[in-house]
Amino acid sequence: MNVNNDVEKLLNGEGLEVNDEFDSAPAEVQAVALRKTITYIVSAVIFNEKNEVLMVQEAKENCYKQWYLPAGRMEEGESIVEAMRREVKEEAGFDCKPITLVLVQEQGPQWIRFVFLAEITGGSLKTMAEADAESLQAQWWDQDSPLTLRGRDILRLIDTALKYRKKPWHPVAHPIDMCCHVVVQRLLLTFSSSDGVLWLLLGNIKDLHLPVAVSVKTHTVTWAANTLVQEAMPSSYYDLNVNTRGILGLQHNGRVPGKTDGLCFNTVVSLEHTGEGPHTSQPPLIESPRFQWYKVENPQLRDKIQQRITTGSFLPVHSLY
Ligand SMILES: C[C@@](O)(CCOP(=O)(O)OP(=O)(O)O)CC(=O)O
Ligand SMILES: [Mg+2]
């Protein structure tokens with residue numbers, strides 16, 4: 001394994017195969033099964049030329065006639081983009097294509113929402129005459145006129161998409177079609193010492209690799225990085241900030257229900273000492289034979305990683321509680 005090549009791939013939004021060996025996972029890691037042990041939600045923010053956002057009126061009994069973004073639960077065998085396009089077509093009448101993912105949200109390790117900024121490629125606005133179980137109708141909303149919303153949670157999604165549309169702050173991100181059977185993070189876990197040296201945490205099972213943190217029942221995705229750091233450097237853990245900066249890429253296939261329903265977030269996490277003093281010039285002591293620090297000697301690669309962290313140029317991942 002060539003560390004620099006793998007890091008370059010992640011920085012370019014490419015994927016890496018997920019090893020069978022996990023750096024931090026219970027002995028028996030179960031494959032996730034869509035709609036049984038994991039729920040994926042897709043949602044699309046679509047604007048028209050007047051900056052109005054596409055909304056759908058719900059037909060479900062528990063939110064009847066309330067308005068929401070086109071959204072819904074992924075179905076078995078779908079890719080993330082196929083699910084998003086299906087929900088927009090069913091609920092709003094339009095064909096669309098993704099421009100980019102703009103936000104990933106998680107609520108515990110068993111609910112993850114993928115939010116796209118998308119654009120129309122065909123079809124027509126669903127009218128009341130076409131009302132069915134998927135939705136009553138769709139309309140363009142100027143975000144000022146009163147609308148009874150199914151949930152105010154979508155305001156943050158619309159705001160994020162609007163901000164990205166005005167000033168993109170991360171590269172366009174599309175799901176990478178690669179198989180995974182569990183929900184994991186491939187970590188680009190960095191430590192910048194006070195003398196400007198950049199270190200990466202590597203797993204060293206079989207061969208050197210960027211570590212994989214598995215999200216298990218009790219931990220959210222973002223918490224998985226904490227559990228890995230706790231395992232690698234327990235004595236320093238409480239003197240460190242484990243800062244999940246965001247996603248470089250998201251790997252999912254979904255074609256084989258029960259076997260490829262998992263996903264891998266390629267995530268940048270930075271470690272910072274909470275205190276000060278001479279110890280901050282060195283990375284925290286590794287206390288597990290499964291990990292080691294890797295010094296980034298290549299100045300271009302070091303600067304590329306540090307620049308992404310400084311500018312926050314990542315697809316955001318938010319944990320909802
Ligand atoms: C975040 C959601 O509101 C997403 C929308 O889910 P729907 O209830 O619309 O699902 P479908 O029937 O598949 O369209 C649900 C939730 O998990 O809170
Ligand atoms: Mg829906």
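Counting starts at 1 for both ligands and their atoms, following the listed order.
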Any E91 heavy atom less than 4.0 Å to ligand 1: yes
Within 45° cone of Y68 ring axis and under 6.0 Å: R150 NZ or CZ: yes
Whether E91 has an N, O or S atom under 2.8 Å from the Mg ion (ligand 2): yes
Nitrogen or oxygen of E134 less than 3.5 angstrom from that of ligand 1: no
Residue, atom name and distance, where the atom is the protein heavy atom closest to atom 7 (P) of ligand 1: R150 NH1, 3.6 Å
Presence of N, O or S from V56 under 2.8 Å of the Mg ion (ligand 2): no
Ring centre gap for F114 and H252 strictly below 6.0 Å: no
Lys/Arg-Asp/Glu bridge criterion (N-O < 4.0 Å) met for K36, E76: yes
Salt-bridge contact D95-R86 (side-chain N to carboxylate O under 4.0 Å): no
Any E90 heavy atom less than 4.0 Å to ligand 1: no
Nitrogen or oxygen atoms of A71 and ligand 1 under 3.5 Å apart: yes
Which of the ligand 1 atoms, numbered from 1, are nearer than 4.0 Å to a heavy atom of W111: 1 (C), 16 (C), 17 (O)
Nearest option to atom 12 (O) of ligand 1, as decided by whichever heavy atom of R113, K60, Q107 sits closest: K60
